[in-house]
2 protein chains.
Amino acid sequence: MRPLFHPAIEDVRPEAILHALADPARAAIFARIATAGCVEACTVLSTVGDRVIPKSSLSSHFKVLREAGLIRSERRGVEMRNESRCAEVDARFPGLLAAIMSAYAVRSDPAA
Amino acid sequence: MRPLFHPAIEDVRPEAILHALADPARAAIFARIATAGCVEACTVLSTVGDRVIPKSSLSSHFKVLREAGLIRSERRGVEMRNESRCAEVDARFPGLLAAIMSAYAVRSDPAA
DNA sequence: ATCGTTAGTTCCGAAGTTCCGAACTATGGG
DNA sequence: CCCATAGTTCGGAACTTCGGAACTAACGAT
């Protein structure tokens with residue numbers, strides 16, 4: 001298993017963030033990591049909404065989020081700890097994550 | 001030639017906007033339409049940075065922006081007028097476009 | 001009217017990306 | 001040591017993107 005790659009915050013590119021969050025499943029995973037105490041293992045969230053996501057797909061979603069600079073992942077024994085890099089990303093691209101997350105919230109809002 | 005499709009603002013989905021703007025070339029085209037008096041024809045901007053974009057690719061970039069709800073295009077004789085739908089999009093997803101555009105500006109900022 | 005020019009679209013093949021099941025690797029417990 | 005669990009990698013099918021060539025549509029000049 002190759003080591004986990006995390007870009008330095010100054011190497012994080014906006015197109016990678018937009019690409020990562022342009023997938024609603026990935027955006028939902030990220031939202032859960034960002035809100036749920038900033039730590040969540042992989043198979044804890046093997047469903048998004050009512051949709052089951054296969055392990056291999058989940059693994060690559062995490063990889064995309066990690067390589068976009070949105071989360072930091074660490075192997076802890078047999079499982080993985082993921083925490084969001086919201087604070088760092090927000091310092092570099094102020095307001096970006098908040099605006100994206102609230103855009104998704106608008107869409108799922110029945111009043112919208 | 002089939003007619004140009006524009007989604008109603010309430011049908012605009014955040015993932016479509018993120019996907020459209022996740023491509024730096026498309027984001028640059030959109031930025032030019034949004035800032036340059038909100039009207040710009042296609043071949044006026046056949047280059048992005050120092051990169052030449054073929055007509056067929058340009059045409060599909062415009063289509064992606066249009067169908068994401070970011071621009072409104074109208075055939076005016078032999079050419080096309082494009083105007084941004086910033087105001088509508090901003091009313092639905094407040095701050096989203098501004099945050100994305102300033103994220104790209106950070107990236108191209110030599111001090112970043 | 002018809003020709004030429006300019007603006008943009010469509011078609012289609014090549015190249016690249018995404019999805020997901022199956023096989024694999026790594027860690028920890030009994 | 002063997003098993004179970006957590007996650008990764010592989011590989012093929014389905015989908016997307018890119019760009020050149022052929023096409024269409026509008027306008028002006030003759």
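Order of the sequence lines sets the chain letters (A, B, ...), proteins ahead of strands, with each chain counted from 1.
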(Q) What is the separation between atom NE2 on B:H61 and atom P on C:dG8, rounded to the nearest whole Å? (A) 15 Å
Q: Kindly give the heavy-atom pair with the smallest separation between B:I29 and B:H61, and that separation in Å.
A: CD1-CB, 4.1 Å
Q) Do side-chain atoms of A:S59 reach the backbone of A:K55 as a donor and acceptor pair under 3.5 angstrom? A) no
Q) Roughly how far, to the nearest 0.5 Å, is the CZ atom of B:F30 from the CG atom of B:L70? A) 5.0 Å
Q. Say you draw a straight line from CD of B:E15 to CD1 of A:I100; how long is it, rounded to the nearest 0.5 Å?
A. 12.0 Å
Q. Do the side chain of B:Y104 and the main chain of B:L21 share a donor and acceptor less than 3.5 angstrom apart?
A. yes
Q.
Between A:R26 (side chain only) and A:V64 (backbone N and O only), is there a donor and an acceptor less than 3.5 Å apart?
A. no
Q: Taking only the side-chain heavy atoms of B:E79 (C-beta and beyond), determine which of C:dT9, D:dG19, C:dA7 contains the nearest atom.
A: C:dA7
Q | Whole-Å gap separating P (C:dC20) and CZ (A:F62) | A | 16 Å
Q: Starting from C1' on D:dG19, measure out to NZ on B:K63 and report it in whole angstrom.
A: 16 Å
Q. Once each nucleotide of nucleotides 20-30 of chain D is scored for protein heavy atoms under 4.0 Å, what B/S/- sequence comes out, 5' to 3'?
A. BB--BSBS---
Q: Quantify the bending of the helix from C:dA1-D:dT30 to C:dG30-D:dC1 as the angle between its end axes, each fitted on five pairs, to 10°.
A: 10°
Q | Length of the line joining B:R66:CZ and C:dG8:C1', which is rounded to integer Å | A | 10 Å
Q | Rounded distance in Å - CZ (B:R75) to P (C:dT10) | A | 7 Å
Q: Supply the atom-to-atom distance B:L58 CG to B:K63 NZ, rounded to the nearest 0.5 angstrom.
A: 14.5 Å
Q | Spacing between B:L4 atom CG and C:dG8 atom P, to the nearest angstrom | A | 11 Å
Set out, line by line, the N/O atom pairs under 3.5 Å between protein and nucleotides 15-17 of chain D.
unit_1: D:dT17; atom_1: OP1; unit_2: B:H19; atom_2: NE2; d: 3.0

Q) Once you round it to whole Å, what is the distance between P of D:dA6 and CG of A:L58? A) 12 Å
Q: Look only at the side chain of B:D90 and the backbone of B:G95, and say whether a donor-acceptor pair between them is shorter than 3.5 Å.
A: yes
**Q.** Integer-rounded Å distance: D:dA6 P and A:M80 CE
**A.** 13 Å
Q. Does B:I53 offer a backbone N or O that forms a donor-acceptor pair with the side chain of B:S57 under 3.5 Å?
A. no
(Q) With a 3.5 Å distance limit and no angle check, can you tell me whether B:R66 reaches the backbone of B:L4 through a side-chain donor-acceptor pair? (A) no
Q. What is the distance from atom CD of B:E67 to atom OG of B:S73, rounded to the nearest 0.5 Å?
A. 9.5 Å
